[in-house]
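Residue numbers start from 1 in every chain, and the chains themselves are labelled A, B, ... in the order their sequence lines are given, proteins ahead of strands.
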Protein chains: 2
Amino acid sequence: MTDPRWLDDEEMRAWQAFVATSALLERRLDQQLREDVGLSHLQYGILARLSLAEGGAMRMTELADSMLNSKSGLTYQVSQLEKAGLVQRAPCTIDVRGVYAALTDEGRQLMQRAAPGHVALVRELLIDALTRDQLTAIADGLGEASRRMLAEQECAQPTTP
Amino acid sequence: MTDPRWLDDEEMRAWQAFVATSALLERRLDQQLREDVGLSHLQYGILARLSLAEGGAMRMTELADSMLNSKSGLTYQVSQLEKAGLVQRAPCTIDVRGVYAALTDEGRQLMQRAAPGHVALVRELLIDALTRDQLTAIADGLGEASRRMLAEQECAQPTTP
DNA sequence: CGAAAGTTGTTCGAATTCGAATCACCTGCT
DNA sequence: AGCAGGTGATTCGAATTCGAACAACTTTCG
């Protein structure tokens, strides 16, 4: 536990830019989605993930894992979305404990209304601020970073003495 | 409001990498700080910001603006930090309404204990996953993006007819 | 001066988050 | 079969978040 390598100027610049962008972007996207279609960014994320899934439905845990969220947080949000008629729960036949969250027609329609504006804002605030080279560097670099974190997460090997 | 330019593969790859990294990193840093020194990432951020300030003190609004946080959120967190003895409020002599949040000795000491581990984790999870070129691209690209968002924010020109 | 308008920080209520505990159920092993 | 341990989803309480409303003060300008 010696003195760790501090961040040099360039590293600090990258780190601060990353944190600032992350915070500002999250706030803006959330705000726009709210006044646009009445969804939080997280709720949009859930619906978006479901849109991509086979049949517009996923098991709760699978959905929770694919999002940032904890399982209890997902239970709450899916309940909210269900109240709003955008998602419907369905029992799982293979495993009685299991629950599917399935996109409703209304949910799909809302996504079609929400997506263009959302994508446009992502483009305006982030993508269009980047050169093509920067875009590639970010895709590669952050892709690698997130892959590492995800891989680490799955190594929960129990050491049973 | 025609069909907006969708994201192409490369853009999508960058966007997803960014979102994933942002979420995973935030979670990990928060978790480590909590078990290391009992601070949330936000609280650490507040103390870090104060450390850099002249005399270890800042006005509440200035502090709130420099962080992501809303003013009410800051009031809450500073109260928490004050309870923990890491920060102390002080009245502002120039403006009676004003309040300074000032780092205490204890707060400064805690930061000295917290910083090395925090920096080490930032390095491990993000910095060390990037090549030097990627680091520079991120610093430049995301720096530009965050600068644009901040600039936009300050243009709240009232249109008084 | 002195009223109108803007700032500053806090308080309030509602919504959201998390982790721990819980209950019901599946799986593997003997 | 039957038990031990693991898994899936929910519920609960505590902590945190936000925006709107507020009170106190400052600034601006006629």
Side-chain angles (χ1 to χ4, degrees), chain A residues 23-24 26-35 38-46 57-84 87-102 154 156-158 160, chain B residues 23-24 26-35 38-46 57-84 87-102 154 156-158 160:
Chain A
L24 289 168
E26 172 63 25
R27 183 173 289 269
R28 290 294 205 82
L29 293 176
D30 197 76
Q31 195 175 331
Q32 194 221 22
L33 282 168
R34 254 177 231 283
E35 55 193 43
L39 292 176
S40 66
H41 190 201
L42 177 56
Q43 291 174 328
Y44 178 89
I46 292 172
M58 285 174 79
R59 291 282 295 271
M60 294 294 282
T61 296
E62 189 189 6
L63 187 51
D65 286 343
S66 77
M67 311 293 300
L68 47 152
N69 220 304
S70 66
K71 275 193 297 190
S72 60
L74 187 71
T75 293
Y76 175 76
Q77 283 298 356
V78 166
S79 298
Q80 295 304 104
L81 292 170
E82 199 171 22
K83 268 186 222 161
V87 153
Q88 190 164 6
R89 273 184 239 245
C92 172
T93 49
I94 337 173
D95 187 336
V96 187
R97 298 167 304 175
V99 172
Y100 279 105
E154 300 179 9
Q157 317 261 24
T160 47
Chain B
L24 290 168
E26 172 64 24
R27 182 175 290 270
R28 292 293 206 82
L29 293 176
D30 197 76
Q31 195 175 331
Q32 195 222 20
L33 283 168
R34 253 177 233 283
E35 55 193 44
L39 292 175
S40 68
H41 191 200
L42 177 57
Q43 290 173 329
Y44 178 90
I46 292 173
M58 284 173 80
R59 291 282 294 271
M60 294 296 281
T61 295
E62 188 189 5
L63 187 50
D65 286 343
S66 77
M67 311 295 299
L68 47 151
N69 221 304
S70 66
K71 274 192 300 190
S72 59
L74 187 71
T75 293
Y76 175 75
Q77 283 299 357
V78 167
S79 299
Q80 295 305 103
L81 291 170
E82 199 170 23
K83 266 187 224 163
V87 152
Q88 189 163 6
R89 274 184 238 244
C92 172
T93 48
I94 337 171
D95 187 337
V96 186
R97 298 166 303 173
V99 172
Y100 279 106
E154 301 180 7
Q157 316 261 23
T160 47

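Using a 4.5 Å heavy-atom threshold, the side chains of M60(B) and K71(B) count as separate. Taking the side chain as every heavy atom from C-beta outward, Q31(A) and R34(A) never approach each other to under 4.5 Å.
The environment of CD in Q88(B) is sparse: at most 12 heavy-atom neighbours from other residues, nucleotides or ligands sit within 6.0 Å. Around atom CD of E26(B), more than 12 heavy atoms belonging to other residues, nucleotides or ligands sit under 6.0 Å away.
As a whole-Å value, the separation of M67(A) CE from dT16(C) C1' is 15 Å. Between the C1' atom of dT7(D) and the CG atom of D65(A) lies a distance of 12 Å, rounded to the nearest Å. The distance from atom NZ of K83(A) to atom P of dT16(C) is 9 Å, rounded to the nearest whole Å. Distance CG (L63(A)) to P (dG8(D)): 14 Å, rounded to an integer number of Å. One interatomic measurement links the two molecules: CD of Q31(A) to P of dG19(D), which rounds to 7 Å at whole-angstrom precision. Atom CE of M60(A) and atom C1' of dT7(D) are 15 Å apart (whole Å). At whole-Å resolution of the value, CD in E35(A) and C1' in dC18(D) are 15 Å apart. The nearest whole Å value for the distance from the CD atom in E82(A) to the C1' atom in dT10(D) is 13 Å.
With the nearest nucleotide of DNA chain D identified for both S72(B) and D95(A), D95(A) has the one nearer the 5' end. Take the nearest nucleotide of DNA chain C for I94(A) and for K71(B): the residue whose nucleotide is more 5' is K71(B). Nearest-nucleotide positions on DNA chain C place T61(B) closer to the 5' end than the other of Q80(A) and T61(B).
Look at R59(B) and you'll find a side-chain N or O under 4.0 angstrom from OP1 or OP2 of dG9(C). A close approach under 4.0 Å does occur between a side-chain nitrogen or oxygen of R27(B) and OP1 or OP2 of dC18(C). Dashed line: the shortest gap from a side-chain N or O of Q77(A) to OP1 or OP2 of dA15(C) is not under 4.0 Å.
Residue R97(A) places its side chain closer to dC26(C) than to any other of dC26(C), dA20(D), dT10(D). Closest approach to the S70(A) side chain among dG9(C), dA24(D), dG19(C) is made by dG19(C) (side chain taken as heavy atoms from C-beta onward). Of the candidate nucleotides dT8(C), dT10(D), dT16(C), dT16(C) has the atom nearest to the side chain of R34(A). Ranking dC25(D), dG6(D), dT16(D) by closeness to the Y76(B) side chain, first place goes to dT16(D).
No donor-acceptor pair closer than 3.5 Å links the side chain of Q43(A) to the backbone N or O of L81(A).
Within the 4.0 angstrom heavy-atom criterion, no nucleotide atom of any strand lies near L74(B).
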